[in-house]
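Proteins get letters first, then strands, A, B, ... in listed order; numbering begins at 1 in each.
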Amino acid sequence: MAARTLFDKVWDAHLVAQEEGCPAVLYIDLHLIHEVTSPQAFSVLRERGLRVRRPDLTVATMDHLTSTKPQSLAVVESNAQNLLDTLRRNCLEHDIQLHAQYSGKDGIVHVIGPELGLTQPGKTIVCGDSHTATHGAFGALAFGIGTSEVGHVLATQCLLQDRPKTMQVVLDGSPGPGVSAKDMILALCAKLGIGGATGHSIEYTGSAIAALSMDERMTICNMSIEVGARSGMIAPDKVTFDYLRGRPGVPQGAAYEQAVATWSQLVSDEGAHYDATVHLDVSSLEPMLTFGTNPGMGIGVSEKIPNPSAAKSSHERDALSKALAYMGLEGGAALAGHPIDVVFIGSCTNSRMQDLRDAARVLKDRKVHAGTRVLIVPGSSAIKEEAEREGLDKIFLEAGAEWRNPGCSMCIAMNGDKLEPGQYAVSTSNRNFEGRQGQGSRTFLASPLSAAAAAVTGTVCDVRTLLAQKAP
Amino acid sequence: MSAFTTITSELVLLPTDDIDTDQIIPARFLKITDKNGLGEQLFANWRYQEDGSEHAGFVLNQPAMQGRKVLVAGDNFGCGSSREHAPWALMAWGFRVVISTSFADIFRSNSLKNGLLLVEIDADEHRKLLEAAGTNPALAITVDLAAQELQLPNGTSIAFPMDAFAKRCLMEGMDQLAYLLHHDEAITRHEQKR
Ligand code: SF4
């Protein structure tokens with residue numbers, strides 16, 4: 001058999017049918033649903049008298065609209081409450097497991113999948129959410145779908161899919177101090193631009209990827225959509241298997257050993273063909289920040305904001321001018337030193353233990369800058385508990401940050417956690433689109449380390465300076 | 001989904017590149033269980049001021065634009081989130097066709113399921129079309145899906161590529177869920193050998 005990529009292997013194993021001139025019928029092993037993109041799909045089922053084909057392969061959580069305030073203070077708008085209630089009703093009616101808020105197993109959909117061991121190598125995983133690629137960190141083929149497709153999967157456990165092209169992204173070298181997985185993926189976004197991998201499924205390879213923890217690999221795969229790719233995968237290895245061992249959804253004992261043997265086959269064969277290959281040496285990276293209104297508009301912290309007059313094309317010049325006008329920034333100026341109103345540490349990109357530990361490393365024995373609001377939102381209830389066992393919550397609270405309940409929160413600003421018009425945030429989330437964090441919001445995307453540094457100084461700053469100092 | 005027939009319409013021009021779905025329909029309007037009414041909120045952040053009044057300068061607010069069915073957008077239209085509310089909102093406003101040099105994948109797939117025709121043309125044709133509509137704001141074009149061309153009043157036309165399956169879905173108003181349900185036996189076989 002011809003040499004195949006990891007993507008080819010997972011795709012081929014899930015092909016149910018492929019008629020001439022039609023997209024493939026692809027089987028889905030795990031369907032994750034949440035409150036915002038599922039109600040209309042259930043309505044379609046109801047209208048057509050259909051049932052959920054595999055409730056046992058469907059798992060629901062509440063994350064986008066849930067309040068992150070303590071339960072006694074939590075307020076949810078009535079239309080948001082309506083969506084939460086609708087999800088609860090739909091799950092009950094169709095026998096779908098729901099990890100409801102305050103159940104202890106709830107959290108952001110892309111955080112709880114791996115945590116519960118539902119995300120496994122070689123699975124096909126979908127969710128009505130563009131950051132589903134996160135699960136690709138385990139060697140799963142995972143991608144975001146629209147609401148009609150949510151209905152398709154509910155009814156048939158299958159999707160109609162055109163086979164994407166493949167792109168290999170090779171990350172080599174070792175990052176310097178203060179440079180994390182988030183900086184690597186922001187650097188890739190800057191290199192490829194936000195449409196750079198449209199139509200492709202990415203596989204991340206190289207020594208820099210091999211050296212990353214699962215938390216970090218998820219950060220990388222999470223933002224695959226920010227270069228236009230629907231999925232981003234990493235071949236499973238010992239790091240993956242060790243992460244999965246003992247988790248609830250994962251086979252135990254001899255069955256686990258057997259599973260590891262199967263999973264170990266999920267690597268691209270020597271000489272397998274990719275439609276495109278991109279290289280990035282992470283050794284030379286510095287902490288990255290975005291300055292504009294899409295994730296591709298990023299620079300190293302010591303670099304100057306690009307000048308529209310130096311743009312290569314009129315298109316680029318217009319885009320840059322428009323972005324800078326929205327952001328209230330000048331081309332050619334430094335980004336470092338820019339005052340910050342809010343710091344948000346959270347989202348499916350950066351709300352796991354390693355992210356919180358990074359933030360705590362900077363905030364320990366330091367104080368949040370007067371006048372800067374700092375919101376730290378763990379990705380799941382389990383992470384919240386673990387962080388509290390480690391005493392991270394005390395570090396955050398003593399520094400003057402807010403320590404919240406899990407959820408999407410200020411990543412998408414649907415639950416009341418939002419910026420005021422014109423405010424600036426350093427945010428560990430994945431999108432800096434106009435108004436993403438609230439109407440008129442202005443977002444600088446960065447790593448948890450950089451975000452924590454901004455919390456301390458109240459400005460965009462180089463975290464390496466703080467890391468080199470002993471806390472005062 | 002209703003079948004797509006040939007349409008003739010004047011154009012709405014919004015040639016900004018990388019328009020993401022958060023601009024097409026901001027997240028605060030996703031708290032709905034029913035898609036009707038989303039047309040009011042299409043491009044809400046660009047269309048309305050903070051007090052809710054209209055930005056007179058924004059293209060959708062101009063009286064001449066009302067009722068137009070074809071949007072000409074910039075490159076990489078529909079990037080970002082997977083929300084199907086984006087094509088729902090475009091269609092609720094009245095659009096049936098979007099023309100661009102490229103579209104984001106999930107937006108493309110969502111549009112097809114709702115009968116919104118996405119026409120991809122090369123950068124050169126795109127620029128010429130914008131110029132023509134710039135000099136003649138009342139320029140009407142005919143979008144002929146069967147022939148896969150945009151026909152201009154001066155007799156010229158611009159051919160566009162179209163995936164055969166997508167074309168069938170649009171022209172016949174084909175129901176993709178029904179297509180999948182037809183594969184029930186194959187799905188069961190696949191499940192048995194898993
Ligand atoms: S954290 Fe943000 S990006 Fe992730 S699922 Fe929630 S809203 Fe989407």
Side-chain angles (χ1 to χ4, degrees), chain A residues 14 16-17 21-23 25 27 36-37 39-40 43-44 48 50 53-54 64-65 77 79-80 82-83 86 128-130 132 144-149 151-152 155-160 162 164 194-195 198-199 225 228 230 294 296 315 318-319 322 412-414 421 431 433-436 439-440, chain B residues 1 15-18 20-23 26-28 30-35 44-46 50 74-76 79-88 102-114 123 163-166 168-169 176-184 186-187 189-191 194:
Chain A
H14 291 83
V16 170
C22 297
V25 177
Y27 197 81
V36 178
T37 55
Q40 294 88 352
S43 304
V44 168
R48 300 173 69 139
L50 296 166
R53 183 181 178 99
R54 295 296 299 266
H64 283 64
L65 303 173
E77 276 181 274
N79 50 0
N82 181 30
L83 285 189
T86 303
D129 194 286
S130 61
T132 308
I145 57 176
T147 295
S148 293
E149 292 177 316
H152 295 179
T156 68
Q157 203 56 32
C158 287
L159 270 180
L160 277 174
D162 288 314
I194 58 165
T198 300
I225 184 75
R230 280 178 86 169
N294 74 52
H315 266 262
D318 294 350
K322 184 170 178 286
I412 192 161
M414 290 182 80
R431 285 186 177 142
F433 294 149
E434 289 182 25
R436 171 78 177 188
Q439 229 177 325
Chain B
M1 189 175 94
T16 309
D17 287 347
D18 302 318
D20 57 79
T21 53
D22 275 270
Q23 307 318 314
R28 60 185 183 280
L30 308 186
K31 296 172 200 160
I32 49 145
T33 50
D34 173 22
K35 43 190 126 156
N45 288 349
W46 293 345
E50 263 157 53
D75 192 53
N76 193 30
C79 59
S81 119
S82 64
R83 61 191 70 161
E84 200 160 318
H85 309 68
W88 292 341
S102 77
F103 296 94
D105 290 336
I106 311 182
F107 177 76
R108 179 191 293 279
S109 144
N110 285 339
S111 296
L112 180 62
K113 303 212 170 43
N114 292 279
D163 173 78
F165 183 78
R168 220 174 99 198
C169 288
Q176 293 192 14
L177 178 52
Y179 179 88
L180 279 169
L181 286 165
H182 274 304
H183 286 82
D184 186 56
I187 299 170
R189 272 200 305 280
H190 182 90
E191 284 176 330
R194 280 170 85 225

Please flag which part of [X] lies under 4.5 Å from any non-hydrogen atom of chain B: side chain, backbone, both or neither.
X        : answer
A/Leu159 : backbone
A/Asn79  : both
A/Ile145 : backbone
A/Ile225 : side chain
A/Thr156 : both

[atom1]/[X] to [atom2]/[Y] distance, rounded to the nearest 0.5 angstrom?
X        : Y        : atom1 : atom2 : result
A/Ile412 : B/Arg28  : CD1   : CZ    : 12.0 Å
B/Lys35  : A/Ser43  : NZ    : OG    : 8.5 Å
B/Asp22  : A/Asn294 : CG    : CG    : 12.0 Å
B/Leu180 : A/Gln157 : CG    : CD    : 11.5 Å
B/Leu30  : A/Thr147 : CG    : OG1   : 9.5 Å

Please identify, among [options], the residue contributing the most non-hydrogen atom pairs under 4.5 Å to chain B.
options                               : result
A/Pro23, A/Gly144, A/Gly21            : A/Pro23
A/Gly199, A/Ala17, A/Ala413, A/Gly151 : A/Gly199
A/Ala155, A/Ala319, A/Cys158          : A/Cys158
A/His64, A/His315, A/Arg48, A/Arg230  : A/Arg48

So, the side chain of B/Glu84 versus the backbone of A/Ser148: is there a donor-acceptor pair under 3.5 Å, distance only?
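Pair found, side chain donor or acceptor close to backbone of A/Ser148.
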For B/Asp105 and A/Thr198, indicate whether the former's side chain and the latter's backbone hold a donor-acceptor pair under 3.5 Å.
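Checking the backbone N and O of A/Thr198 against the side chain of B/Asp105, no donor-acceptor pair under 3.5 Å is found.
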Chain A heavy atoms under 4.5 Å from [X]: which part of the residue, side chain, backbone, both or neither?
X        : value
B/Gln23  : side chain
B/Arg194 : side chain
B/Tyr179 : side chain
B/Arg189 : neither
B/Asp184 : both
B/Ala123 : neither

[X] vs [Y] side-chain heavy atoms within contact, under 4.5 Å:
X        : Y        : answer
B/Asn45  : A/Glu434 : no
B/Glu50  : A/Pro421 : yes
A/Asp162 : B/Phe165 : no
B/Thr16  : A/Lys322 : yes
A/Arg436 : B/Asp20  : no
B/Lys31  : A/Asn82  : no

Would the number of heavy atoms belonging to other residues, nucleotides or ligands and lying under 6.0 Å from NE2 of B/His183 be above 12?
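More than 12 heavy atoms, drawn from other residues, nucleotides or ligands, come within 6.0 Å of this atom.
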Quick check on the interface: out of B/Pro26, B/Ala166, B/Ala104, B/Gly80, who has the most heavy-atom pairs with chain A under 4.5 Å?
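It is B/Gly80.
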Heavy-atom pairs under 4.5 Å with chain A are the metric here; pick the option from B/Asn76, B/Asn110, B/Leu177 that has the most.
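That would be B/Leu177.
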Salt bridge (Lys or Arg N to Asp or Glu O under 4.0 Å), that's the test. Do B/Glu191 and A/Arg53 meet it? Break it down for me.
CA-CA 11 Å; B/Glu191 284 176 330; A/Arg53 183 181 178 99; 2.9 Å; yes
Pair A/Glu149, B/Ser109: side-chain N/O donor-acceptor within cut-off below 3.5 Å:
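Judged by distance alone, the side chains do pair up.
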Shortest non-hydrogen contact between A/Ser130 and B/Ser82, atoms and distance:
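A/Ser130 and B/Ser82 have their closest heavy atoms at N-OG, 3.5 Å.
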Please step through side chain to side chain contact (heavy atoms under 4.5 Å, CB included) for the pair A/Arg431 and B/Ser81, ending with a clear verdict.
CA-CA 10 Å; A/Arg431 285 186 177 142; B/Ser81 119; 3.4 Å; yes
